[in-house]
Amino acid sequence: MRRLLVLGVTAAFCVGLAAPAPASSGGVLPTLARDLVSYYDFEHPVRGDGSLEQDRGRSGTTLALINGGARMRVRDGVSGRNSVQLQQVDPAVAGNDDWKAGLFSESGVPSLRAFNGAREASILGWVKMTGQNPAPNSNTADPADLYGAIGLAGVLTGSSDGHAVRALLELIQVGGELKLVALARRVDGEASQTFAASRPWQELLPQGEWVFLAATFDFDTGAMALYRNGKPLEGRYVAAGDPWRLEGEPEPDLASATDPRGLKIGGSYPQNTRENNPCTCRMDDLMFLDRAVHPWEVRLQHRLVSRTP
């Protein structure tokens, strides 16, 4: 038995005691189902604890709805009835009361072992902005200071403090502008690479509109891609040179052979030690895969569960 931090407290986590619930065939493209490590549709609370969400992917990794608990499920779903509401709660107070989701274990999360030594990864999901983003920075005294990023969804590294990621879909500062990005770190503790979308983020994520986003990562070739509503986005790689150290042996190049320390959704530090980069938004149908999905799969997945043409 391992100890896993969920909702900022320690809970028992028994590997292999419960089989993951299968992904609903109505909401997942069949070609994606086999490679879904984790899938959260926010329709399946853990029995007896509404602050926990069942994983519909193959790993069975339970997700914590942090600080807001069951109240974070709202009747505004894309493929079903519910989505998850994420938000900053009190920008005037330096604390860790923001509504976010995730899980964290300093020893690594065994159920996320598919990302241990992974060659590829993908993150897909629906996002709707529902308030001020970026949020006021509650860690500074200046009321005009805003966070420099808006947290969406990521897989942590095997040495993460709750912020560092192996694969991430987020909005961050690039060249002094906030941009929608795919960001990844192949080797724990080393440099990351970022692929930033060219279009203004406000055009990509307009207030009050559900948008389907996807990010793909190939740790062997260094290729990354972003998609919006099933279509690829133009962008650029931010770091020059070879930040992932892909040149030379051994081949193929893989992510670090460590279990991720968890997942973060709607902000950093899923162990709930501080507020950082909260997202006032709703999310639904979040998917974490251990391969880079094909462009046609992104297009068909969007079409399968689409509110937009």
Side-chain angles (χ1 to χ4, degrees), residues 1-18 20 36-40 42 46 49 51-69 72 84 86 96 98-118 121-125 149 151-170 182-189 192 215 217 219 255-279 283 286-290:
M1 181 178 290
R2 291 183 178 266
R3 309 297 291 179
L4 184 69
L5 286 177
V6 292
L7 201 55
V9 296
T10 305
F13 181 75
C14 303
V15 179
L17 289 186
L36 269 180
V37 178
S38 292
Y39 168 46
Y40 305 102
F42 305 102
V46 170
D49 190 347
S51 70
L52 300 177
E53 177 72 17
Q54 296 181 50
D55 183 359
R56 306 291 285 172
R58 72 175 192 259
S59 75
T61 304
T62 300
L63 190 74
L65 307 185
I66 301 167
N67 293 320
M72 294 169 64
V84 64
L86 311 159
N96 55 340
D98 56 315
W99 287 11
K100 55 196 170 196
L103 70 155
F104 183 86
S105 171
E106 285 193 358
S107 60
V109 180
S111 60
L112 295 176
R113 191 155 290 162
F115 297 111
N116 178 325
S122 297
I123 300 172
L124 298 80
L152 296 181
V155 180
L156 301 181
T157 67
S159 60
S160 180
D161 59 354
H163 181 68
V165 289
R166 185 162 293 166
L168 177 70
L169 177 63
E170 189 156 292
L183 182 151
R185 180 175 286 101
R186 187 179 75 84
V187 179
D188 290 357
S192 63
F217 313 86
F219 295 112
S256 289
T258 56
D259 292 345
R261 285 188 170 182
L263 302 174
K264 64 175 186 176
I265 296 166
S268 291
Y269 303 104
Q271 66 270 50
N272 207 26
T273 53
R274 63 173 290 182
E275 176 179 291
N276 197 66
N277 302 331
C279 182
M283 296 190 195
L286 286 174
M287 303 180 182
F288 299 85
L289 298 94
D290 59 350

Look up atom [atom1] in [X] and atom [atom2] in [Y], then write down how far apart they are to the nearest 0.5 Å.
X      : Y      : atom1 : atom2 : value
Leu152 : Ile265 : CG    : CD1   : 10.5 Å
Phe217 : Leu169 : CZ    : CG    : 7.0 Å
Phe104 : Ile66  : CZ    : CD1   : 11.0 Å
Phe42  : Arg56  : CZ    : CZ    : 13.0 Å
Lys100 : Met283 : NZ    : CE    : 13.0 Å

Donor-acceptor under 3.5 Å ([X] side chain, [Y] main chain):
X      : Y      : value
Asp55  : Gly60  : yes
Asn67  : Asn96  : yes
Arg185 : Ala164 : no
Arg113 : Asp259 : no
Asn276 : Ser268 : no
Arg166 : Val155 : no
Gln271 : Asp161 : yes

Shortest non-hydrogen contact from [X] toward [Y]:
X      : Y      : value
Phe115 : Ala121 : CE2-CB, 4.1 Å
Ser159 : Gly189 : OG-N, 4.0 Å
Ala182 : Ala215 : CB-CB, 3.9 Å
Leu124 : Leu289 : CD1-CD1, 3.3 Å

May I ask you to test the [X]-[Y] pair for a side-chain heavy-atom distance under 4.5 Å?
X      : Y      : result
Glu170 : Leu183 : no
Pro260 : Val109 : no
Tyr40  : Thr61  : yes
Leu112 : Ser38  : yes
Glu53  : Val84  : no
Leu86  : Met72  : yes
Asp290 : Arg58  : yes

### Message
Would you call the rings of Tyr269 and His163 parallel, tilted or perpendicular, taking 30° and 60° as the class edges?
### Response
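Parallel: the ring planes of Tyr269 and His163 meet at under 30°.
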### Task
Check each of Leu103, Leu263, Leu156 against Pro270 using the side-chain contact (heavy atoms from CB on, under 4.5 Å) test, and report the only one that passes.
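By the side-chain contact (heavy atoms from CB on, under 4.5 Å) criterion, Pro270 pairs with just one of Leu103, Leu263, Leu156: Leu156.
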